[in-house]
Amino acid sequence: MFKIPSTSYTCREARQQDIARMSEIRLQVTENKLTDPSKITPQMYLDHIAGQGKSWVCELNGQIVGFSSAGSEDRSIWALFILPQFEGLGIGKALLSLACDWLFNRTHEEIRLYTEINTRADGFYQALGWSRGAEDDLGDVSFTLQSHIFYDKTRV
C-alpha cells in the first residue's frame, strides 16, 4: 500500500470487471481527452489486462480512481489516467512505477509512451526523467525511458 499524509490508497492488478470503471475514468480526464471515444474498445482494455500487457488500478476508499496499462509487445505505457479530483496525491507516480517496473522486468531496456504536447503530463514525464522526443502532426510528443534511469530514481 502506498501512503500519503491523511490519505491511503491501494494499487492492484486490474481485472476484467474493472474495465467499465477504467473506461469511465478515461472519459472523465481533462487533458489528453479522446476526440472519438469509440476508438478505445473494451477489447483493448482486456488485451492490456489479460493479453499483450498488464494493467493496474488504484483504489481510494473502495473506489477506483485511476489506472495504468503497459503493453509488452511495443514496450509502451498504453495508459495512465487519474480522475481529476484525485490528481496530485502521488497516485500517478505509483501507477506509473508499477507499469515501468513490469516492462523493465520483461527484459526491455527502453520503454516509450506518447502524450499530448504542452499538458501537465508532458511536464510530469520530463520531471520523472523521461527523455522528450519529437512532436507529431497530431499534437502528441514521444517519450522514452531507460531502465537504469528508472531504477536510479526509484532507489532514491
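Note: hydrogens, waters and symmetry copies are ignored here, and every other heavy atom, side chains too, is used. Keep in mind the model is a prediction, meaning the values are calculated, not measured. For this chain, numbers begin at 1 and follow the sequence in order.
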Chemist: CZ/Arg26 to CG/Leu34 distance, rounded to the nearest 0.5 angstrom?
Modeler: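 Atom-to-atom, Arg26:CZ and Leu34:CG are 3.5 Å apart.
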
Chemist: Is there side-chain contact between Glu31 and Asn118, with heavy atoms separated by less than 4.5 Å?
Modeler: no

Chemist: Decide yes or no on salt bridge (charged side-chain N to carboxylate O under 4.0 Å, His left out) for Arg120 and Glu87, but give the supporting numbers first.
Modeler: CA-CA 11 Å; Arg120 286 175 296 140; Glu87 292 173 357; 2.5 Å; yes

Chemist: Is there a side-chain contact between Leu83 and Glu24, using heavy atoms and a 4.5 Å cut-off?
Modeler: no

Chemist: Looking only at heavy atoms, what is the nearest atom pair of Gln126 and Asp122, with distance?
Modeler: NE2-OD1, 2.9 Å

Chemist: To the nearest 0.5 angstrom, please state how far the NE2 atom of His48 sits from the CE atom of Met22.
Modeler: 9.5 Å

Chemist: Is a side-chain donor or acceptor of Gln63 paired with a backbone partner of Glu59 at a separation under 3.5 angstrom?
Modeler: no

Chemist: With a 4.0 Å cut-off, would you call Asp101 and Arg106 a salt bridge?
Modeler: no

Chemist: Around Tyr114, counting heavy atoms of other residues, nucleotides and ligands shown, do more than 12 lie under 6.0 Å from its OH?
Modeler: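 Not buried by this count: 12 neighbours or fewer within 6.0 Å.
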
Chemist: Determine, using ring centers only, whether Phe104 and Phe150 are less than 6.0 Å apart.
Modeler: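 Yes, close enough.
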
Chemist: Evaluate the ring planes of Trp78 and Tyr45, with Trp represented by its six-membered ring, and classify them as parallel (under 30°), tilted (30 to 60°) or perpendicular (over 60°).
Modeler: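 Perpendicular: the ring planes of Trp78 and Tyr45 meet at over 60°.
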
Chemist: What heavy-atom pair brings Val57 and Ile64 nearest, and what distance separates the two atoms?
Modeler: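 What the structure gives for the nearest pair is CB-CG2, 3.9 Å.
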
Chemist: Could you go through Ser147 and Glu109, starting from their C-alpha distance and side-chain angles, then the distance that decides it, and tell me whether this counts as side-chain hydrogen bond (donor to acceptor under 3.5 Å, both in side chains)?
Modeler: CA-CA 5 Å; Ser147 63; Glu109 292 298 316; 3.0 Å; yes

Chemist: Verify side chain to side chain contact (heavy atoms under 4.5 Å, CB included) between Thr10 and Cys58, making sure each step is shown before the conclusion.
Modeler: CA-CA 6 Å; Thr10 304; Cys58 179; over 6 Å; no

Chemist: Rounded to the nearest 0.5 Å, what separates atom CG in Leu95 from atom CH2 in Trp56?
Modeler: 9.0 Å

Chemist: Please report the closest heavy-atom contact between Lys93 and Phe124, naming both atoms and the distance.
Modeler: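 Heavy atoms of Lys93 and Phe124 come nearest at CG-CE1, 3.8 Å.
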
Chemist: Kindly give the heavy-atom pair with the smallest separation between Leu27 and Pro37, and that separation in Å.
Modeler: CD2-CB, 3.6 Å

Chemist: Has Asn32 got a side-chain atom pairing as donor or acceptor with Thr115's backbone, closer than 3.5 angstrom?
Modeler: no

Chemist: Going from CH2 on Trp130 to OH on Tyr125, what distance comes out if it is rounded to the nearest 0.5 angstrom?
Modeler: 7.0 Å

Chemist: Without hydrogens or angle criteria, can the side chains of Glu110 and Gln146 be said to hold a donor-acceptor pair below 3.5 Å?
Modeler: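 Present: a donor and an acceptor within the cut-off.
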
Chemist: Considering only heavy atoms from C-beta outward, does the side chain of Cys11 approach that of Leu98 to under 4.5 Å?
Modeler: yes

Chemist: Take atom CD of Gln17 as the centre, draw a 6.0 Å sphere, and report whether it contains more than 12 heavy atoms from other residues, nucleotides or ligands.
Modeler: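 Check passes, neighbour count above 12.
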
Chemist: List the steps, then state whether side chain to side chain contact (heavy atoms under 4.5 Å, CB included) holds for Thr144 with Ile111.
Modeler: CA-CA 6 Å; Thr144 57; Ile111 59 177; over 6 Å; no

Chemist: Do Arg132 and Ser142 have side-chain heavy atoms sitting under 4.5 Å apart?
Modeler: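 In short, these two side chains do not touch, never coming nearer than 4.5 Å.
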
Chemist: Do Ile77 and Ile149 belong together in a cluster built from hydrophobic side chains that touch within less than 4.5 Å?
Modeler: yes

Chemist: In Å, rounded to the nearest 0.5 Å, how long is the span from CD1 of Ile25 to CD1 of Ile82?
Modeler: 7.5 Å

Chemist: Please report the shortest heavy-atom distance between Leu80 and Ser68, naming the atom on each side.
Modeler: CD1-CB, 3.8 Å

Chemist: Look up atom CG in Leu103 and atom CG in Leu113, then write down how far apart they are to the nearest 0.5 Å.
Modeler: 10.5 Å

Chemist: Hey, are the side chains of Lys39 and Met44 touching, using non-hydrogen atoms and a 4.5 Å cut-off?
Modeler: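 No. Closest side-chain heavy atoms not under 4.5 Å.
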
Chemist: Short question: side chain of Thr119, backbone of Glu116 - any donor-acceptor pair under 3.5 Å?
Modeler: yes

Chemist: Provide the closest heavy-atom pair for Ser38 versus Asp36 in the form atom of the first, atom of the second, distance.
Modeler: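 So the minimum-distance heavy-atom pair works out to OG-OD1, 2.6 Å.
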
Chemist: Mind telling me whether Phe67 and Phe81 have parallel, tilted or perpendicular rings, with 30° and 60° as the class edges?
Modeler: tilted

Chemist: Side-chain contact, heavy-atom cut-off 4.5 Å: Ile91 with Tyr9?
Modeler: yes

